[in-house]
Amino acid sequence: MQIDTQSLVARFAVLALLASPIVVTVPTANAKAYDDQETAALVQALPGSKISLLEGLRQVGKGDEAAISAKFEFDDNHKLSLSVYTAEKGLAVDAEHNVLKEFSGSPEQPAWKPQAEVFKDIPHVARASEHLMLMSVSHFTLADIVAIAQKRHKGTVFSVTPAVLGKHPVAVVLIADKGKVVELDIDMVTGQRVSGSR
């Protein structure tokens, strides 16, 4: 009998999320100062990107494919990379029956040509399953949320991640502004900024 590893891991991840609020209630970045060297280096590298996070989200979010989180980060060679997690079959299909993957590639070229990787390892499947579950209750796409954040704060949006804050789904949006990192927690149901966001 052949075992579908991704299906098994996704099923485990969803059960774990439902069974334990500790697993679901991930700490948002409110507790972080964002003053570590890696984040500082990333903020300095962002002007080298020829594509915005919003453009990357729109590029991969076509047809049924739905973006469930996105960020600029450094790749294994310490080069700037844009990474977008997606659910191939859309938000209405649960993690067990979906295809969870990552599009990543250099944003420093005139055209962003990401490579797609289907998640098979437990940490990535679990994280993507959580993002899918939270996005499935949102009234907004990630592109909508980034656009909302850009209207509310100047700077460069470089990360958007679904999370739980006070038992409520939020999108944690990180913005680089004059060398500093600003966090906005956007309510995924109302689109309003959550009180206490930095």
Given 3.5 Å as the limit, does a donor-acceptor pair link the side chain of S138 with the main chain of M188, or not?
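Confirmed, S138 side chain pairs with M188 backbone.
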
Looking at residues at least two apart in the chain, or sitting in another chain, which of them share a side chain to side chain contact (heavy atoms under 4.5 Å, CB included) with A70?
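Expected list: L53, L57, V84, V160.
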
Residues which pass side chain to side chain contact (heavy atoms under 4.5 Å, CB included) with K79, listed by chain and number, not counting sequence neighbours
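In terms of side chain to side chain contact (heavy atoms under 4.5 Å, CB included), with neighbours along the sequence ignored, K79 is linked to D75, N77.
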
Which pairs count as side chain to side chain donor-acceptor pair (under 3.5 Å) when at least one residue sits in residues 143-163, sequence neighbours excluded?
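Non-adjacent pairs meeting side chain to side chain donor-acceptor pair (under 3.5 Å): T141-D144.
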
According to side chain to side chain donor-acceptor pair (under 3.5 Å), does anything in residues 83-95 pair up with another residue at least two apart or in another chain? List the pairs.
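The answer is E65-T86, S83-E102, Y85-R127, E88-K101, D94-H97.
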
Do [X] and [Y] make a side-chain contact, defined as non-hydrogen atoms from C-beta onward lying under 4.5 Å apart?
X: P162; Y: P169; result: no
X: L134; Y: V164; result: yes
X: V194; Y: I186; result: no

Side chain to side chain contact (heavy atoms under 4.5 Å, CB included) between I175 and L184, worked out
CA-CA 8 Å; I175 303 172; L184 298 181; 3.7 Å; yes

If you measure from CZ on F158 to CG on L80, what distance do you get to the nearest 0.5 Å?
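Between atom CZ of F158 and atom CG of L80 there are 11.0 Å.
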
Not counting sequence neighbours, which residues clear salt bridge (charged side-chain N to carboxylate O under 4.0 Å, His left out) with E55? List them please.
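Salt bridge (charged side-chain N to carboxylate O under 4.0 Å, His left out) list for E55, sorted by chain: empty.
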
According to ring-ring contact (aromatic ring centres under 6.0 Å, His included), who are the partners of H78, at least two apart in sequence or on a separate chain?
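Partners of H78 under the ring-ring contact (aromatic ring centres under 6.0 Å, His included) test: F74.
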
Would you be so kind as to tabulate the donor-acceptor pairs closer than 3.5 Å made by side chains of residues 110-119, with sequence neighbours excluded?
from : atom 1 : to   : atom 2 : distance (Å)
W112 : NE1    : G105 : O      : 3.1

Just to verify, what does E73 make a side-chain hydrogen bond (donor to acceptor under 3.5 Å, both in side chains) with, not counting sequence neighbours?
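Partners of E73 under the side-chain hydrogen bond (donor to acceptor under 3.5 Å, both in side chains) test: K71.
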
Does anything in residues 163-191 pair up under ring pair (Phe, Tyr, Trp, His ring centres under 6.0 Å), and if so which pairs, sequence neighbours excluded?
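Residue pairs with at least one partner in residues 163-191: there are none.
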
